[in-house]
Amino acid sequence: MNRVDFLYLSQEDIIKAGGLDFNIFIDTLEKILGTHAKGDFVQPLKPYLKRKEQTHVADRIIAMPSYVGGDFDISGIKWISSASQNPVKYNLPRASGVIILNDSEKGIPVAVMDATLINLMRTAAVSGVATKYLARENSRKIGIIGAGIIGKMQVKAVHNVIPEINEIKVYDLNKERAIHWSNTLEKEIGVKIIIAKSAQDALQNADIIITSTTAEEGYIEGDWIKKGSLFLNVSLNDPKFDVILKADKIIVDDWEQCNRKDKVLNKMYKQKLISEQDIHAELGEIVLKQKTGRISEDEIIFFNPMGMSVEDIGSAYTIYKRAKDLGIGTTLSLWEKPIGV
Ligand SMILES: NC(=O)c1ccc[n+]([C@@H]2O[C@H](COP(=O)([O-])OP(=O)(O)OC[C@H]3O[C@@H](n4cnc5c(N)ncnc54)[C@H](O)[C@@H]3O)[C@@H](O)[C@H]2O)c1
């Protein structure tokens with residue numbers, strides 16, 4: 001009677017439940033961002049577990065809890081680690097983790113699932129939503145730095161929103177990775193991919209710029225960025241400050257999350273180069289039409305997504321419900337009977 005079961009979903013289960021479907025994720029992310037803009041969420045600031053020998057910015061484990069309201073009404077946590085050497089040293093993804101979903105009323109766990117794919121897809125879908133609202137409709141060229149799995153999914157999400165994309169230029173410090181990335185992605189989406197000679201070469205004619213590196217220092221110059229472009233700043237440190245100062249609009253996912261130690265906007269804020277008033281909007285406010293998105297062909301828009309737990313928990317819940325409906329996953333028992341009440 002008071003037995004508690006939860007659903008376990010592996011990455012393969014998540015894929016069967018629609019985990020690689022950009023339409024599902026972009027639609028879900030619009031709803032989550034709208035819920036965020038309405039303030040119907042709880043999202044404590046994420047703690048970083050970082051040992052002192054982990055000096056690289058991309059080496060840590062992050063705990064990301066939240067409650068998402070509205071039609072979601074679900075709580076949970078993503079526990080996601082990042083090890084920058086994984087791809088090259090161990091042929092493993094940089095990031096891996098699990099998500100736990102908790103029933104909002106009883107608090108009991110209802111699902112434990114792979115977080116790695118949800119993390120990729122929700123990050124890509126946020127950029128998909130940003131592309132829909134902030135890119136020029138006639139954008140055709142993507143310039144991307146960082147040929148990892150995040151970058152690959154970013155390109156797929158942008159391509160999903162603008163299928164007319166006809167050129168992708170990629171630059172990665174690791175040329176071998178860039179070649180492999182281009183060969184596989186070109187076959188998957190059927191768009192010509194050019195390996196750029198330098199970061200500047202990749203970006204200077206791009207309508208949509210994506211950064212998905214693990215760079216620790218800014219290197220992108222303001223004068224590489226053309227008028228009318230959308231800059232999706234998915235990784236942490238790639239643009240120099242003048243890129244952001246040159247932008248006509250700075251848009252974030254969540255200002256509080258972006259204005260934290262070591263993040264590029266926070267560094268500028270601390271040096272009084274920007275203030276909160278310089279942040280045009282959070283993306284959810286644009287989705288809900290509380291603030292304007294792109295209003296001219298010439299605007300340079302800088303979008304800085306820091307990544308929010310509500311995006312993970314709302315997306316995971318969508319996949320969990322689909323898995324339940326389709327009978328996918330393994331039911332595990334938390335207990336047959338609690339030892340006490
Ligand atoms: N904003 C978000 O919500 C969000 C979510 C998930 C991941 N991310 C970020 O996305 C980034 C990429 O993740 P990934 O899993 O694909 O990592 P990855 O390690 O698989 O790929 C990163 C690539 O960047 C390249 N690189 C590093 N520094 C470079 C430089 N200065 N110039 C050119 N190339 C460079 C590396 O060689 C590597 O191929 C990470 O920084 C991660 O923190 C952001």
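Both counts, for ligands and for their atoms, begin at 1 and track the order of listing.
Scanning the protein heavy atoms around atom 29 (C) of ligand 1, the nearest turns out to be L173 CD1, 3.5 Å. If you check which protein heavy atom lies closest to atom 20 (O) of ligand 1, you get R177 NH1, 3.1 Å. Scanning the protein heavy atoms around atom 22 (C) of ligand 1, the nearest turns out to be S212 O, 3.7 Å. Closest to atom 4 (C) of ligand 1 among all protein heavy atoms lies T123 CG2, 3.7 Å. Shortest contact from atom 23 (C) of ligand 1 to any protein heavy atom: D172 OD2, 3.5 Å.
The option from T214, V234, T211, T116 that lies nearest to atom 9 (C) of ligand 1, judged by heavy atoms, is V234. Atom 24 (O) of ligand 1 has its nearest heavy-atom neighbour, among T213, I150, N174, in T213. Remark: among candidates H180, M153, E216, R94, the nearest residue to atom 15 (O) of ligand 1 is R94, based on non-hydrogen atoms.
Checked for salt-bridge contact, E167 and R140 miss the test: no charged N lies under 4.0 Å from a carboxylate O. Between D201 and K169 there is a salt bridge, since a side-chain N of the basic residue sits under 4.0 Å from a carboxylate O of the acidic one. Between D59 and R51, no side-chain nitrogen of the basic residue sits less than 4.0 Å from a carboxylate oxygen of the acidic one, so the salt-bridge criterion is not met. Comment: E188 engages K152 in a salt bridge, judged by a side-chain N to carboxylate O separation of less than 4.0 angstrom. Checked for salt-bridge contact, K192 and E186 miss the test: no charged N lies under 4.0 Å from a carboxylate O.
Counting only N and O atoms by type, the side chains of D73 and Y67 include a donor and acceptor under 3.5 Å apart. Defined by atom type and a distance below 3.5 Å, a donor-acceptor pair is missing between the side-chain atoms of D207 and S229.
Close contacts between ligand 1 and M306 involve ligand atoms 1 (N), 2 (C), 3 (O) [criterion: under 4.0 Å to a heavy atom]. Listed by number with element, the atoms of ligand 1 under 4.0 Å from a non-hydrogen atom of Y219 are 31 (N). Interface of R122 with ligand 1, defined as ligand atoms under 4.0 Å from a residue heavy atom, comprises 3 (O), 5 (C). Listed by number with element, the atoms of ligand 1 under 4.0 angstrom from any heavy atom of P305 are 1 (N), 2 (C). Ligand 1 places these atoms under 4.0 Å from at least one heavy atom of I145: 32 (N), 33 (C). Within ligand 1, the atoms closer than 4.0 Å to a non-hydrogen atom of G307 are 3 (O), numbered from 1 in the order shown.
Side chain of T35 to main chain of G70: no donor-acceptor pair is present (N/O by atom type, distance under 3.5 Å, no hydrogens or angles).
Residue-level proximity to ligand 1 for P87 is carried by the side chain, the only part with a heavy atom below 4.0 angstrom.
Aromatic rings from W224 and F231 are positioned such that their centres are separated by 6.0 Å or more.
For the atom pair CE (M308) and CD (E282), the distance works out to 7.5 Å, reported to the nearest 0.5 Å.
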